Amino acid sequence: MELLKGLNPQQKQAVIAEPGPVLVLAGPGSGKTRVLTQRVAYLIDQLGVHPYHLMAVTFTNKAAREMGERVAGLVGRQTRGLTLGTFHATCARILRVEAEHLPVNSNYVIFDADDQVKVVRQIIKDQNLDEKRYRPSSVHGSISAAKNELYLPEDFPIDTYRAEVVARIYEEYQKTLITSNAMDFDDLLLWMAILLADYPAIREKYARRFEHILVDEFQDTNMAQYTLLKHLASYHRNIFVVGDADQSIYRWRGADYRNVMRFRKDFSDAEVILLEQNYRSTQTILDVAMAVIEHNTNRTPKRLFTKRGTGPKIIIKELFDEHEQAQYVVDTIALRIASTKANPGDFAVMYRINAQSRLLEEAFLSANLPYKLVGAQRFYGRREVKDIIAYLRLIFNPDDAISLARIIGTPPRGIGTKTYAQLRALAQRLNLSSGALLLELAKGKESEHLPQFSSRAAKALSRFGPLLAKWLTEKETLPPVEIMDQVLEDIDYQDYLDDGSEEGKERWENVMELRRLASEYHTMGLQQFLEDVALVSDQDTLKEGVDAPTLLTLHAAKGLEFPHVFIVGLNDGVLPHQRSFEDPEAMEEERRLFYVGITRAKDRLHLSHAMYRFVYGHTEQGEPSRYYADIPRELRDDGRPKRQKQSKSEIFRPWNRPLAPSKTLEAQYKPGMTISHPKWDKGLVISSKIQDEDEVLDIVFDSVGLKKVIASLANLEICDA
DNA sequence: ATAAAGTGACTTTTT
DNA sequence: GTCACTTTAT
């Protein structure tokens, strides 16, 4: 079979597996995307399954698009009818079709994270709750977590007083969304699961339709996703899932790698296939990856191997501060591009938090090196972009309270917070959405409610209402880009942005970029444009065909690969992140995140950290990441000259100190010793063990309590033996 | 009602 | 240090 050429036996076994439940446990770089793609092609081509009866779920739209193109190439014809997309996009589409069974209509809008927090904040204000005690983002986090676990407001577990308050806010929150004719990200999954559970007819309709279901990145599904998959697979039971528990990095979003175990239990007859051979990285990189991930508990040990050969050691570099680190990255990349045949696009720089990208960007800019930054927030989070999207959303769905609140006074048109609050209160009393009331007021003298406002407010309102009404008629005939043009003209937005500054110019350019995006939706229409804009993933913003280094978070790096990978900021508190310190489960996830980063590298891996780093404006001494201790010496090259030069500068530049002391395999510290640490001061040694030619100590400090310390890195002084 | 100036919270990670 | 939100002056 032409289709199976070049596959190894396990991959082949997966592609041609008998219908029924299949679980593919795929290590990094083991060709799982290929398996998934070939499997779809095989089902269509060899088993004659019509694409209409297939559903494939991926993690990003980009992955879906690539898969679609590859399948089309393999089967040599159109894949029309194939359901292929992210969980959210797929659910959004089905929910529009089934809207009659939902509390919203098919023109619902999708609330993003920002909108969600705004709704919560408004409710907290309305209920006179203390915003400090009930922080909107944290309350929203609780609501989101509940939804991912399929708890409706009435099911919200109340064990504390706080939970009682949150449950009340949750209830209000859902009401607000419904009157806004909106769904949030979590609702897309939640309502889909509810629909399938509560309406046997709908369940049967889709379960019968999807003869085969394929799921990528299965380890990152949450309870809602797992449940709806189970419903969808309830008729044919042909569910093919691919995942790797070691790469589960979205626990904080409700993802639960235990779904892999759940799957094995719920589908006990599942065929389990292991893909261990790696086609991406050198053995050295794989050995580093395994050495790091082995420290996690509760995992199935895996042996990653490759036929690619050993490859060079990985490089570990300590820099003075984050500026020097950024400079080092840029210099190294520039040098390699100049001296080897590496292309700029072969390089990626990864970091734990978005804030770390700024210094890197600056270094790239000042070196005059182009770069690509992955991150949707960067563009869609901009004020001017959000403003225009809010106008379009309001035009698509005038009930959208959040969008109306955003734009009713932007640009200023005489409707301030007071007037808006009045409008909102009256609308609530009349059981209308604010937008609907605004349209009612647009009738001018005929409106019975207009006299309730001051003459000034009434005048402003009766000017804006008709404008909205006009746009609403225009949307029926105009494509998205022309609606947008009309809005920009009517509100004189360019003039509003233009304050003569460089920033104002930039903002207008962003609006024009959005316009360019909208212009691609001539045939697909406003609904599709708004939906795509709401559901873009960070990876989707990665520009293809631009040959430049990529800057991205470790999360965004999942599923990608690069010949040269730099992971920066390997400082304790950054990677692993401080916020995870107290929670062992979160710490395991930090480790998986690092593992994901390492395994993105094909040929060369560079790790680096800064001796001093900025925290809230001032410099603080940073500790190298504890993960270094897990990387065997023989796999790393710490750039230390073979012979130590004794120069004065070295004495005054402690950051040049070698990563390891002179090689001693004997413990220098014993339990019971009192030591002194440069940052944590006095402490008592509890235990000491030799690990990878380094001494690892457990020390109880008076200041911070129990810490794991690597002797060669910590600069300890013995006070009292 | 709006713009300017001042205050305080805050930084994981994202569909 | 920065952003978003609140208070104060026009």
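What you see is a predicted model; the values in this text were computed from it and never measured. Just so you know, these numbers use all the heavy atoms, side chains as well, and skip hydrogens, waters and symmetry mates. Lettering follows sequence order; numbering is per chain, from 1.
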Quiz item: Which nucleotides of nucleotides 2-11 of chain B have their base under 4.0 Å from a protein heavy atom (B), which only their sugar-phosphate (S), and which neither (-), written as one string 5' to 3'?
Solution: SS-----SBB
Quiz prompt | A/Y173-A/F111 aromatic ring centre distance below 6.0 Å | solution =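 No, they do not, as the ring centres are separated by 6.0 Å or more.
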Self-check item: Step-by-step salt bridge (charged side-chain N to carboxylate O under 4.0 Å, His left out) determination, A/R358 to A/E361
Solution: CA-CA 5 Å; A/R358 237 194 66 219; A/E361 284 186 76; over 6 Å; no
Looking at [X] and [Y], does any basic side-chain N land under 4.0 Å from a carboxylate oxygen?
X      : Y      : answer
A/R96  : A/E531 : yes
A/R592 : A/E589 : yes
A/R393 : A/D115 : yes

Quiz item: A/H88 side chain: which of C/dT2, B/dT15, C/dT6 is closest?
Solution: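 It is B/dT15.
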Self-check item: Of the listed nucleotides B/dT14, C/dC5, B/dT15, the one nearest the side chain of A/R121
Solution: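 Looking only at heavy atoms from C-beta outward on A/R121, the closest nucleotide is C/dC5.
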Between atom [atom1] in [X] and atom [atom2] in [N], what is the gap in whole Å?
X      : N      : atom1 : atom2 : value
A/F185 : B/dT13 : CZ    : C1'   : 15 Å
A/R358 : C/dT2  : CZ    : P     : 6 Å
A/K386 : C/dA4  : NZ    : P     : 10 Å
A/L188 : B/dT14 : CG    : P     : 19 Å
A/R382 : C/dT2  : CZ    : C1'   : 15 Å
A/H140 : B/dT15 : NE2   : P     : 14 Å

Quiz item: Closer than 4.0 Å, any side-chain N/O of A/N61 to the OP1 or OP2 of B/dT15?
Solution: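 Indeed not, no polar side-chain atom of A/N61 lies that close.
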Quiz item: Quick one: is C/dA4 close enough that its OP1 or OP2 comes under 4.0 Å of any side-chain N or O from A/K118?
Solution: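 No, because none of the side-chain N or O atoms of A/K118 sits under 4.0 Å from OP1 or OP2 of C/dA4.
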Exercise. State whether the number of non-hydrogen atoms from other residues, nucleotides or ligands found under 6.0 Å of A/R93 atom CZ is greater than 12.
Key: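 It does: A/R93 CZ has more than 12 such atoms within range.
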Give [X] one of three labels, base, sugar-phosphate or nothing, depending on what nucleic acid heavy atoms sit under 4.0 Å from its own.
X      : result
A/T60  : nothing
A/N354 : sugar-phosphate
A/R251 : nothing

Self-check item: For B/dT11, the Watson-Crick or wobble counterpart (both distances under 3.5 Å)
Solution: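 Check on B/dT11: unpaired, no WC or wobble geometry under 3.5 Å.
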Exercise. Under the salt bridge (charged side-chain N to carboxylate O under 4.0 Å, His left out) rule, what do A/K32 and A/D244 come out as? Steps first, then yes or no, please.
Key: CA-CA 10 Å; A/K32 73 179 165 73; A/D244 177 7; over 6 Å; no
Exercise. Please answer whether B/dT15 and A/F59 are stacked, defined here as ring centres separated by less than 5.5 Å and planes angled under 30°.
Key: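 It does not: the two rings, one from A/F59 and one from B/dT15, miss the stacking criterion.
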